Amino acid sequence: MLDHGALDHTNSDSTQALRHRMRHSAAHVMADAVLRLFPEAKMGIGPPTQDGFYYDFDVSRPFTPEDLESIEALMRETIAAQQTFKREEISRNDAQSMFSDQPYKLEIIEDLPDETTLSIYRHGEFIDLCQGPHVDGTADIQAVKLLNIAGAYWRGDEKRPMLQRIYGTAWESQEALDDYLHRLEEAERRDHRTLGRQLGLFSIHEEIGPGLIVWHPKGGIVRSLVEDYWREIHFRHDYNIVYSPHIGRAQLWQTSGHLSHYRESMYAPLEVDEQEYFLKPMNCPFHIMVYRSSLRSYRELPLRIAELGTVYRYERSGVLHGLMRVRGFTQDDAHIFCLPEQVEGEVGGVLDLTFELLDAFGFAEFSISLSTRPESYAGELDMWEHATESLRRALEERHLTYDIDEGGGAFYGPKIDIKIEDALGREWQCTTVQFDFNLPERFDLNFMDADGGRSRPYMVHRAILGSLERFLGVLIEHYAGAFPLWLAPTQAMVIPIADRHQEYADSVKEQLESEGYRVEVDGRSERMNLKIRNAQLQKIPYMLVVGDREQEDGAVAVRTREGGNLGAISVRELLERLAGELT
RNA sequence: GCCCCUGUGGCGCAAUGGUAGCGCAGUCGAUUUGUAAUCGACAGGUUAGGGGUUCGAGUCCCCUCUGGGGCUCCA
């Protein structure tokens, strides 16, 4: 069902390099077409991307879908004309006069270091400032399609002009293009927003507000199963589970530094008894209060404090997206307070817990990055080195491959981020393990060490699932809504063939329910075929058809969601089968 | 927040500026069915909200809100 074979696996370096050149060339061909249709257009940049390419233009009116068709038609003509790509190296002065009516190109030239060799690529009448490389000729662009139009700031800077970007894709064959388009359709078919409605999992309401989720009964079951498992595994790994309030006084957020550094993401304060309270955007200060509630001894460390903590953050309206980016969400948060010599073990423990947890949900592919110290930072240099080294060693001991994001850490500490890859090969950031050298300082955290002195603990912030909202969104898409038996909201639907089988159907349901299964009976006066169809569409793992024969034999006719009519077996055999599937 | 697009019963959609329709879901009735849609009837809408143009607005214009594709952001 989660068929990786259907995906594209020709990702060798040479294929990628070829695609890269072809897409870059396609961008030129597109810009050529746009300039012919819109002679006044000013060109931005037009690079290849992961799966295609884009080019940005400053035009007097936005592009329309009809424009895309005309542009694509012109591109086909250029491709059919078999023009060749020619590279030339030119002087800075020549470049400046050549692009004198292209202000964005002039800006690029301006910003290139003096020693850079400037080059241009030509095909037909078209010239673009470009390093290359390109394919030999336009005919090498085998299969191309323009996809959509979007606004994009010049150089990604919201203070600069907004250009019109056209996205397209190009592949080495029509077949590869079709595969890609099919993959897009597949992603659309798995969209958690659509499945969430169809399967009755959650909804978002204008009346409640954007980015705020209400979980429906079916989604509530899935979420609580995830939470139950999460709690179980955290207790097993010696975490202490706590609960903290949704609001806290201004003074708390003053001390934590959120009011000076994070206020633009926080909601306006509430006034209670002439005191200001803020909705929490993070759980850290509350967990710190738990730590500070008594004098701590080194003997108590490491102290791991965990919470499914619901936080609220102001996210700009344009970034909200289903469950993936919301304004209120529940983090599976934890803060670990430990001694310097415990740091490495704690980081390792978090990694082990992460892979155990994610494995249970069927995620096998990850991409890991280690982010190191940025230019401005809090804390002592030797603590940064110790912490970064412990992150690195924990990764290496587990033979995990990772990228290093040099200088990409937060100002308060280095971190490991883990992105999980779903069934379609898309990546989602969920897990993060972050050192914090700032908060222990701000809250003056300490413990009594073996010498009777006071020392400052290390603090590690971590979330594994990230937010339950996002994680469930990822899960829905990963499974395409067909949750495995242990997570399925309804595990079996009993389908009586005629009204006279209702009572027997109820007794089957009771037998299964008494063993802890989630079962429903479709007792409507409808045809069996309709009930099967509905159960299939609801992606219920087991359909149990009961008619005269089953009633007589104390059996059920088993049909699985994957399509098979397995024939009749006894209820006892069914229970064995289900139990077997859950282990 | 910015650019573009979008908004019609719960859901998916239709309606040259001239009587708001269809399918699914829902309710009721008939049917009692053996592995992906039985038939019929009924009910359901101030066309997201506000303002304007017009004899007349779902349709055209303006504002607000929402959703989508991107950009930016994601201490």
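Each chain gets a letter, A, B and so on, in the order its sequence line appears, and its residues count up from 1. As the structure is a computational prediction, the values presented were derived from the model and not from experiment.
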Please work out which of the three classes, parallel, tilted or perpendicular, describes the rings of A:Tyr55 and A:Phe57, given edges at 30° and 60°.
parallel
Mark yes or no for a side-chain to base donor-acceptor pair under 3.5 Å between A:Tyr153 and B:rG70, with no hydrogen or angle criteria applied.
no
Whole-angstrom distance between B:rG26 and B:rC2, as gauged at atom C1':
42 Å
Between B:rU35 atom C1' and A:Ile497 atom CD1, what is the distance in whole Å?
9 Å
For the side chain of A:Arg561 and the base of B:rA36, is some donor closer than 3.5 Å to an acceptor across the two?
no
Distance between the C1' atoms of B:rU8 and B:rU66, in whole angstroms?
15 Å
Considering only atom C1', compute the distance from B:rG45 to B:rC22 and round it to an integer number of Å.
14 Å
State the pairing partner of B:rC28; accept Watson-Crick or G-U wobble contacts with both distances under 3.5 Å, and report none otherwise.
B:rG40
Pairing partner of B:rA14, by Watson-Crick or G-U wobble and under 3.5 Å for both distances, is none
Mind checking if A:Ile532 touches a base, just sugar-phosphate, or nothing, with heavy atoms under 4.0 Å?
base
Are A:Glu307 and A:Lys280 ion-paired here, with the side-chain N under 4.0 Å from a carboxylate O?
yes
Between the base of B:rC73 and the side chain of A:Arg325, is one N or O donor paired with an acceptor at under 3.5 angstrom?
yes
Check this for me: does any side-chain nitrogen of one of A:Asp51 and A:Arg19 sit under 4.0 Å from a carboxylate oxygen of the other?
no
Looking for any heavy atom pair under 4.0 Å, which part of the strands does A:Asn148 touch: base, sugar-phosphate only, or nothing?
sugar-phosphate
Can you check the A:Gln429 CD to B:rC73 P distance for me, whole Å?
16 Å
base_contact_polar (B:rG34 base, A:Glu550 side chain, donor-acceptor, <3.5 Å):
yes
A:His258 side chain: which of B:rU38, B:rA75, B:rC3 is closest?
B:rA75
What is the distance from CD of A:Glu315 to P of B:rG1, rounded to the nearest Å?
13 Å
What is the distance from CD1 of A:Ile149 to C1' of B:rG69, rounded to the nearest Å?
10 Å
Donor-acceptor pair, distance only, cut-off 3.5 Å: does the side chain of A:Arg518 make one with the backbone of A:Pro489?
yes
Base, sugar-phosphate, or nothing for A:Arg500, non-hydrogen atoms under 4.0 angstrom?
sugar-phosphate
Across the strands shown, which category fits A:Tyr167 at heavy-atom distances under 4.0 angstrom: base, sugar-phosphate, nothing?
sugar-phosphate
Quantified in whole Å, what is the P atom distance between nucleotide B:rA14 and nucleotide B:rG44?
24 Å
At under 4.0 Å between heavy atoms, what does A:Gly318 touch on the DNA or RNA strands: base, sugar-phosphate, or nothing?
base
Taking the nucleotide of RNA chain B with the closest heavy atom to each, which residue, A:Met162 or A:Ser256, is nearer the 5' end?
A:Met162
Any base atoms under 4.0 Å from A:Ala557, or only sugar-phosphate, or nothing? Heavy atoms, all strands.
base
With a non-hydrogen cut-off below 4.0 angstrom, is A:Asp548 in contact with a base, only sugar-phosphate, or nothing?
base
May I ask you to say whether A:Asp157 pairs ionically with A:Arg155, meaning some side-chain N is under 4.0 Å from a carboxylate O?
no
Among B:rA75, B:rA37, B:rU35, find the nucleotide with the atom closest to the side chain of A:Phe411.
B:rA75
For A:Met282 and B:rC74, give me the distance from atom CE to atom P, rounded to whole Å.
12 Å
Is A:Glu186 paired with A:Arg189 through a side-chain N to carboxylate O contact shorter than 4.0 Å?
yes
Respond yes when some side-chain nitrogen or oxygen of A:Ser317 is under 4.0 Å from OP1 or OP2 of B:rG1, and no when none is.
yes
Could you check whether A:Arg527 gets within reach of a base, just the sugar-phosphate, or nothing at all, counting any heavy atom under 4.0 Å?
base
Write down the partner of B:rU8 under the Watson-Crick or G-U wobble criteria, each distance required to be under 3.5 Å.
none
For atom CD of A:Glu264 and atom P of B:rC73, their distance in whole Å
13 Å
Can you check the distance between B:rU53 and B:rU16, where both ends of the measurement are the P atom (answer in whole Å)?
25 Å
What's the gap between B:rG50 and B:rG18 when it is taken at their C1' atoms, as a whole Å value?
25 Å
Is A:Glu107 paired with A:Lys42 through a side-chain N to carboxylate O contact shorter than 4.0 Å?
no
Proximity to the side chain of A:Ala150 - top-ranked nucleotide from B:rC4, B:rG69, B:rC2:
B:rG69
Measuring only the C1' atom in each nucleotide, how far is B:rC65 from B:rG49? A whole number of Å is fine.
7 Å
Regarding B:rU32, can its base be found pairing with the side chain of A:Asp499 as donor and acceptor, where the two atoms are less than 3.5 Å apart?
yes
Between B:rA36, B:rU66, B:rA75, which nucleotide gets closest to the side-chain atoms of A:Glu206?
B:rU66
Write down the distance separating the C1' atoms in B:rA75 and B:rC61, rounded off to the nearest Å.
44 Å
Within the 4.0 Å heavy-atom criterion, would you say A:Arg193 contacts the bases, only the backbone, or no part of the nucleic acid?
sugar-phosphate
Let's see if you can work this out: which of B:rC71, B:rC11, B:rA75 has an atom nearest to the side-chain heavy atoms of A:His261?
B:rA75
A:Ser367 vs A:Glu427, test: side chain to side chain donor-acceptor pair (under 3.5 Å). Steps then yes/no.
CA-CA 8 Å; A:Ser367 72; A:Glu427 291 190 333; 3.1 Å; yes
Could you check whether A:Arg549 gets within reach of a base, just the sugar-phosphate, or nothing at all, counting any heavy atom under 4.0 Å?
base
With a distance cut-off below 6.0 Å to the six-membered ring centre and an angular limit of 45° from the axis, does A:Arg165 pair with A:Tyr54 as a cation-pi contact?
yes
Toward the 5' end of RNA chain B, by each residue's nearest nucleotide, A:His501 or A:Gly257
A:His501
Ignoring hydrogens and angles, answer whether the base of B:rU72 and the side-chain atoms of A:Arg316 contain a donor-acceptor pair closer than 3.5 Å.
yes
Rounded to whole Å, the CD1-P distance (A:Ile45 to B:rC71) equals 12 Å
Given atom CE of A:Met528 and atom C1' of B:rU31, what is their separation to the nearest angstrom?
15 Å
Report yes if a side-chain nitrogen or oxygen of A:His321 is closer than 4.0 Å to either non-bridging phosphate oxygen (OP1 or OP2) of B:rG69; otherwise report no.
yes
